[in-house]
Amino acid sequence: NPRRPLAGRHAIVTSGPTQEPIDPVRYIANRSSGRQGHAIAAALAGLGARVTLVSGPVAQPDPPHVEVVRVETADAMLDAVRRALPADIAVFAAAVADWRVEQASVHKLKKTPGAAPPALVLAPNPDILATIAAGTPRPRLVVGFAAETDDVEANAAAKRVRKGADWIVANDVSPATGIMGGAENAVSIVSADGIEEWPRLPKDEVARRLARRIAAALA
Ligand code: C5P
């Protein structure tokens, strides 16, 4: 069926931020609405793929016809992605926290008058994209994101090679662009063949174009 070119394919998509606990009531997180990742999951499902969406805490509704696995931490996100394998396609759109608190407290940290504020000791989180791109079974097409404020395309090209991704969707998240949390995105697709610049488009349209490009690559 030409309208469902991804029928029979399984896609895993990560979306949203991760939350890394400091104590039972506090956490470290990145800014991420989940808008672009959720739109990609919906677009892949729209082309007939079976989609597993592994999402951090977001206010987005679950996309239709998508299996949603909700997680909080990067460790839990990596676990959920591994459990969802094998897949033909993996799109890593989540804004994963680079660090977690090494020893999250099981008790709420107290403000003690006159005492120094607590110091947080951080430990690195796993890189989910790099781990899955180097692991087995490797999805045939691994797509990462690069949200940069400077030298967007050069940084994205270096990231593609460093992380073992097939494609990197690069975008400029400088505050002046209004892209963070906004409804539009201006991306470039960085692959082994070079760089393709797309015009500024609604995030839903970026998602549909990306899904069509993925279907063409797997055809
Ligand atoms: O290194 P940076 O965070 O800029 O890389 C962004 C890309 O890597 C995104 O695709 C993001 O989802 C993925 N990533 C990941 N796990 C991490 C950090 C980033 O999957 N711990």
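Note that the numbering runs from 1 along the sequence shown for the chain. In this text the structure is predicted, and so the values were computed from the model without any measurement. Any value given below was found using the heavy atoms of this structure, including those in side chains, with hydrogens, waters and symmetry copies removed. All ligand and atom numbering here is 1-based and tracks the order in the structure.
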**Message:** Given Asn125, Val169, Leu78, Val96, identify the one with the heavy atom nearest to atom 17 (C) of ligand 1.
**Reply:** Val96

**Request:** Report the member of Met77, Lys159, Arg160, Glu148 with the shortest heavy-atom distance to atom 4 (O) of ligand 1.
**Result:** Lys159

**Prompt:** Could Arg213 and Trp167 be counted as a cation-pi pair, given that NZ or CZ must be under 6.0 Å from the ring centre and within 45° of the axis?
**Reply:**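 Yes, cation above the ring, under 6.0 Å and within 45°.
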
Write out the residue and atom name of the closest protein heavy atom to [atom], then the distance separating them to 0.1 Å.
| atom | result |
| --- | --- |
| atom 16 (N) of ligand 1 | Ile128 N, 3.0 Å |
| atom 6 (C) of ligand 1 | Phe145 O, 3.0 Å |
| atom 13 (C) of ligand 1 | Leu129 CB, 3.9 Å |
| atom 1 (O) of ligand 1 | Lys163 NZ, 2.9 Å |

**Asked** Around Glu72, counting heavy atoms of other residues, nucleotides and ligands shown, do more than 12 lie under 6.0 Å from its CD?
**Response**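 No, the 6.0 Å shell around CD holds no more than 12 heavy atoms from other groups.
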
**Asked** Within a radius of less than 6.0 Å around CZ of Arg162, do more than 12 heavy atoms belonging to other residues, nucleotides or ligands occur?
**Response** yes

Output the distance between atom [atom1] ([X]) and atom [atom2] ([Y]), rounded to the nearest 0.5 Å.
| X | Y | atom1 | atom2 | answer |
| --- | --- | --- | --- | --- |
| Leu53 | Ile40 | CG | CD1 | 10.0 Å |
| Ser188 | Glu197 | OG | CD | 4.5 Å |
| Glu20 | Asp98 | CD | CG | 9.5 Å |

**Message:** If hydrophobic clusters are built from ILVMFWY residues whose side chains come within less than 4.5 Å, do Val13 and Val81 share one?
**Reply:** no

Against heavy atoms of [X], which atoms of ligand 1 measure under 4.0 Å?
| X | result |
| --- | --- |
| Phe92 | 9 (C), 10 (O), 11 (C), 12 (O) |
| Ala94 | 11 (C), 12 (O) |
| Gly144 | 10 (O) |

**Message:** Applying side chain to side chain contact (heavy atoms under 4.5 Å, CB included) to Val173 and Thr149, what does each step give before you reach the verdict?
**Reply:** CA-CA 5 Å; Val173 292; Thr149 55; 4.0 Å; yes

**Asked** Does Pro126 come within less than 4.0 angstrom of ligand 1, counting non-hydrogen atoms of the residue?
**Response**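 Within the 4.0 Å threshold, so yes.
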
**Prompt:** Under a heavy-atom criterion of less than 4.0 Å, does Ala74 contact ligand 1?
**Reply:** no

**Request:** Give yes if a backbone or side-chain nitrogen or oxygen of Ala95 is under 3.5 Å from a nitrogen or oxygen of ligand 1, and no if not.
**Result:**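 No, no N or O pair falls under 3.5 Å.
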
